[in-house]
Amino acid sequence: MNQKNLNKNITGTQREDAPKSIIQQDRDKFLSYRFEVMEDDNIYSVSFNGKLTENEAKKLLAALRNCLYENMADCIQTYLEQHNLAYSGFISSKIPSEHNKVMELAELLLHSDRCSGFESYFGNADTYYLIMDHQKWDAENCCHGCYFAVKKTLTESESSCKYNIIGQAFRYNEVTDDENCYFAIRENRNNGSLYNIVVSDSEPVLPSFGCVDMLGILLNIDSIQTVEQIEKIAVK
């Protein structure tokens with residue numbers, strides 16, 4: 001399994017340390033950003049207010065390739081400071097993940113008809129990035145897990161949000177070697193409803209075990225439309 005590292009109301013260890021020297025004066029133009037990674041055992045979350053262009057946000061994500069998910073907060077804050085990107089209200093946290101809640105969210109991301117159901121999980125962030133790379137074995141030698149990359153951004157009019165979702169939930173029985181998977185590439189329409197670009201409920205698109213480049217999927221999530229694109233990016 002590669003680096004594996006969501007969140008309702010985060011109550012874990014928090015840190016607030018935005019240097020005043022780089023806080024932008026025109027705070028009305030700030031947007032709220034949130035980055036979350038859910039792994040087997042923990043949820044890592046970073047949120048702050050800032051004003052990043054699409055290109056700057058993508059470069060920030062790319063910078064995370066060079067760090068472990070547990071060091072995500074330091075990496076993001078260092079990037080913001082080194083590139084003189086104005087921000088405020090920086091908060092990071094780490095809390096234990098709960099398997100049932102992770103899989104509950106995975107089900108919602110794969111099958112919900114509308115985006116409105118996500119807000120209780122994602123909060124009110126204007127821009128939200130999520131990676132889920134989660135597995136758990138039960139007492140019957142079955143592994144339940146999921147892989148997800150999710151991106152939420154404001155539309156140009158800032159009156160609605162754009163969602164891109166790519167994910168797979170699976171169950172593997174080690175005794176019988178049976179595997180059940182459901183994979184989907186999803187987007188939302190202007191009326192808030194979600195639709196599937198690609199669905200697969202037979203063979204897994206993402207391997208249940210091994211190295212899966214979820215950050216690579218997230219970085220390219222706007223342009224991914226086919227299983228072939230996923231396989232080239234995600235499977236190493």
Side-chain angles (χ1 to χ4, degrees), residues 1-24 27 29-99 101-102 105 109 118-135 146-154 164 167 211-221:
M1 175 65 69
N2 63 322
Q3 291 189 106
K4 299 176 302 189
N5 304 319
L6 249 204
N7 182 341
K8 262 186 169 178
N9 299 316
I10 294 178
T11 57
T13 302
Q14 295 187 332
R15 183 183 64 197
E16 300 186 35
D17 46 3
K20 293 182 180 179
S21 60
I22 63 168
I23 294 179
Q24 180 174 310
R27 296 194 178 190
K29 294 185 179 180
F30 270 29
L31 299 176
S32 57
Y33 293 83
R34 189 167 175 179
F35 298 75
E36 288 194 314
V37 177
M38 172 177 287
E39 59 162 5
D40 294 347
D41 300 315
N42 298 300
I43 296 166
Y44 299 93
S45 179
V46 171
S47 60
F48 60 90
N49 298 318
K51 188 67 175 178
L52 280 65
T53 65
E54 178 72 16
N55 190 49
E56 288 168 342
K58 193 167 185 176
K59 287 181 178 180
L60 193 161
L61 278 174
L64 298 179
R65 286 187 176 280
N66 301 318
C67 77
L68 297 173
Y69 288 138
E70 64 191 57
N71 300 324
M72 178 175 70
D74 289 336
C75 183
I76 289 175
Q77 190 167 36
T78 297
Y79 185 92
L80 293 171
E81 293 178 3
Q82 288 181 343
H83 292 81
N84 297 313
L85 298 172
Y87 71 93
S88 66
F90 192 97
I91 300 174
S92 67
S93 70
K94 170 187 172 182
I95 64 171
S97 62
E98 297 182 41
H99 174 69
K101 290 184 178 180
V102 176
L105 178 56
L109 290 168
F118 303 150
E119 292 310 311
S120 62
Y121 290 89
F122 299 165
N124 297 314
D126 300 312
T127 299
Y128 179 87
Y129 297 98
L130 166 68
I131 289 174
M132 298 168 65
D133 188 350
H134 176 84
Q135 297 180 1
C146 59
Y147 294 105
F148 276 89
V150 178
K151 177 183 176 182
K152 169 194 172 185
T153 54
L154 288 175
N164 295 90
C211 185
V212 179
D213 185 2
M214 296 308 300
L215 187 55
I217 294 176
L218 186 57
L219 282 165
N220 295 278
I221 198 167

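Residue Arg34 comes nearest to Ala125 through the heavy atom pair CB-CB, 3.8 Å, listed as atom of the first residue, atom of the second, then distance. Considering every non-hydrogen atom in both Cys146 and Val102, the closest pair reads SG-CG1, 3.8 Å. The shortest heavy-atom contact between His134 and His99 is NE2-ND1, 2.8 Å. Taking all atoms of both residues into account, the shortest heavy-atom contact from Ser45 to Met72 is N-CE, 4.1 Å. When all heavy atoms are compared, the tightest approach of Cys75 to Cys67 is CB-SG, 3.6 Å. When all heavy atoms of Gln135 and Asp40 are compared, the closest pair comes out as N-OD1, 2.7 Å.
Between the CZ atom in Phe35 and the CG atom in Leu218 there is a gap of 9.0 Å [rounded to 0.5 Å]. The OH atom of Tyr44 sits 8.5 Å away from the CG atom of Asn71 when rounded to the nearest 0.5 Å. Considering OG1 of Thr78 and NE2 of His83, their distance stands at 11.0 Å, rounded to 0.5 Å. Interatomic distance, OH of Tyr129 versus NZ of Lys151, reported as 4.5 Å (0.5 Å rounding). Ile43 CD1 to Leu130 CG: the interatomic distance, rounded to the nearest 0.5 Å, is 9.5 Å.
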Could you go step by step and tell me if Ile217 and Met214 meet the side chain to side chain contact (heavy atoms under 4.5 Å, CB included) rule?
-> CA-CA 5 Å; Ile217 294 176; Met214 296 308 300; 3.9 Å; yes

Verdict with reasoning, Phe148 to Met38, per side chain to side chain contact (heavy atoms under 4.5 Å, CB included) | CA-CA 9 Å; Phe148 276 89; Met38 172 177 287; over 6 Å; no

Evaluate the criterion side chain to side chain contact (heavy atoms under 4.5 Å, CB included) for residue pair Asp133 and Val212; output intermediate values, then yes/no.
-> CA-CA 9 Å; Asp133 188 350; Val212 179; 5.6 Å; no

Please test Leu60 against Leu80 for side chain to side chain contact (heavy atoms under 4.5 Å, CB included), starting from the C-alpha separation and ending with a verdict.
-> CA-CA 8 Å; Leu60 193 161; Leu80 293 171; 3.8 Å; yes

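Under a 3.5 Å cut-off, the side chain of Ser32 and the backbone N or O of Asp126 do form a donor-acceptor pair. A donor-acceptor pair under 3.5 Å is formed between the side chain of Lys58 and the backbone N or O of Leu219. Thr127 places no side-chain N or O within 3.5 Å of a backbone atom of Thr153 that could act as its donor or acceptor partner. Within the 3.5 Å criterion, the main-chain N or O of Leu52 finds a donor-acceptor partner in the side chain of Tyr33.
Contact of the Tyr79 side chain with the Lys59 side chain is registered, since non-hydrogen atoms from C-beta on lie closer than 4.5 Å.
Ring pair Tyr87/Phe90 is perpendicular by interplanar angle, where above 60° counts as perpendicular and below 30° as parallel.
Applying the salt bridge (charged side-chain N to carboxylate O under 4.0 Å, His left out) criterion to Lys152, with sequence neighbours excluded, gives Glu119.
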